[in-house]
Amino acid sequence: MKTKDMVFVALFAALMGVLALIPAINLGFTPVPIVLQTIGIMFAGAILGSRLGALSQIVFLSLVAVGVPLLANGKGGAAVFVGPTGGYLIGYIVGAFVIGFILERTENVTFVKMFIANLIGGVLILYVFGIPVLAFVTNISIMEAIKVNYAFIPGDLIKVTIATILSLRLRKALAVYIKPHKSASKVA
Ligand SMILES: O=C(O)CCCC[C@@H]1SC[C@@H]2NC(=O)N[C@@H]21
């Protein structure tokens with residue numbers, strides 16, 4: 001791997017830690033908080049692409065696993081991966097990968113295309129991984145866990161919108177340094 005790629009992977013892993021500084025919103029009726037960090041997954045996938053985007057999340061979660069308190073509310077340690085939010089955390093890796101994967105195969109990345117990629121990787125994938133684990137760990141049904149997730153939808157849609165606007169701009173600004181996409185030079 002090129003040094004430049006390693007620097008970007010480290011930067012986006014660090015960005016996740018910075019986003020953790022913004023306090024999570026605890027909802028009371030579920031142990032899963034509203035966090036800003038999922039926006040970092042979208043940036044990673046949209047800007048670094050599938051491989052490096054996923055790698056940035058692996059680096060970030062490895063630090064969490066060894067105990068660095070890089071999750072929102074200062075959480076860290078291997079136990080978080082077998083807790084109620086463990087599925088979402090694994091989803092961070094897959095989500096970043098999927099966003100990059102979609103965009104690498106997308107010509108002329110417009111707002112709508114980027115929004116859809118972020119929605120799939122930065123929201124749907126997280127729910128797909130998060131809901132079953134939440135249901136299992138907290139001993140509720142899948143239907144109940146799905147209902148819990150309704151609470152995240154408004155915030156997640158706002159995050160997708162912000163990530164989409166900023167990612168389109170950042171892809172243009174960083175195109176000189178990092179070109180993970182065939183279409184990077186044709187960003188709308
Ligand atoms: O910090 C953690 O332990 C992980 C939190 C996972 C929160 C999930 S991600 C999808 C959904 N959107 C949110 O804002 N919160 C949940």
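These values consider heavy atoms only, across backbone and side chains, with no hydrogens, waters or symmetry-generated copies. Order of listing sets the numbers, starting from 1, for every ligand and every atom in it. Every value quoted in this text rests on a predicted model; they were computed, and no experiment measured them.
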Identify the closest protein heavy atom to [atom]: which residue and atom is it, and at what distance?
{"atom": "atom 14 (O) of ligand 1", "answer": "Lys159 NZ, 2.8 Å"}
{"atom": "atom 1 (O) of ligand 1", "answer": "Lys75 NZ, 3.7 Å"}
{"atom": "atom 10 (C) of ligand 1", "answer": "Tyr88 CD2, 3.8 Å"}
{"atom": "atom 7 (C) of ligand 1", "answer": "Pro33 O, 3.5 Å"}

Would you mind telling me if ligand 1 is within reach of the side chain of Val80, the backbone, both or neither, using heavy atoms under 4.0 Å?
-> neither
Would you kindly specify which portion of Val32 sits under 4.0 Å from ligand 1, judged on non-hydrogen atoms: side chain, backbone, both or neither?
-> side chain
Please confirm whether Thr38 comes under 4.0 Å of ligand 1, counting heavy atoms of the residue only.
-> yes
Min heavy-atom dist Tyr92 to ligand 1 below 4.0 Å = yes
Side-chain contact, heavy-atom cut-off 4.5 Å: Phe8 with Lys4?
-> yes
Using a 4.5 Å cut-off on heavy atoms from C-beta on, say whether the side chain of Val109 contacts that of Leu168.
-> yes
Could you identify which residues cluster with Leu21, counting Ile, Leu, Val, Met, Phe, Trp and Tyr as linked when any side-chain heavy atoms lie under 4.5 Å apart, either directly or through a chain of such contacts?
-> none
Of all the heavy-atom pairs spanning Pro31 and Thr138, show the shortest one and how long it is.
-> CG-CG2, 3.8 Å
Going from CD1 on Ile102 to CZ on Phe97, what distance comes out if it is rounded to the nearest 0.5 angstrom?
-> 10.5 Å
Selected option - heavy-atom contact closest to atom 11 (C) of ligand 1, from Thr85, Leu126, Ile158, Asp156 | Asp156
Give a yes or no on whether Phe101 atom CZ has more than 12 heavy-atom contacts from other residues, nucleotides or ligands under 6.0 Å away.
-> no
Mind checking what makes salt bridge (charged side-chain N to carboxylate O under 4.0 Å, His left out) contact with Asp156, not counting sequence neighbours?
-> Lys159
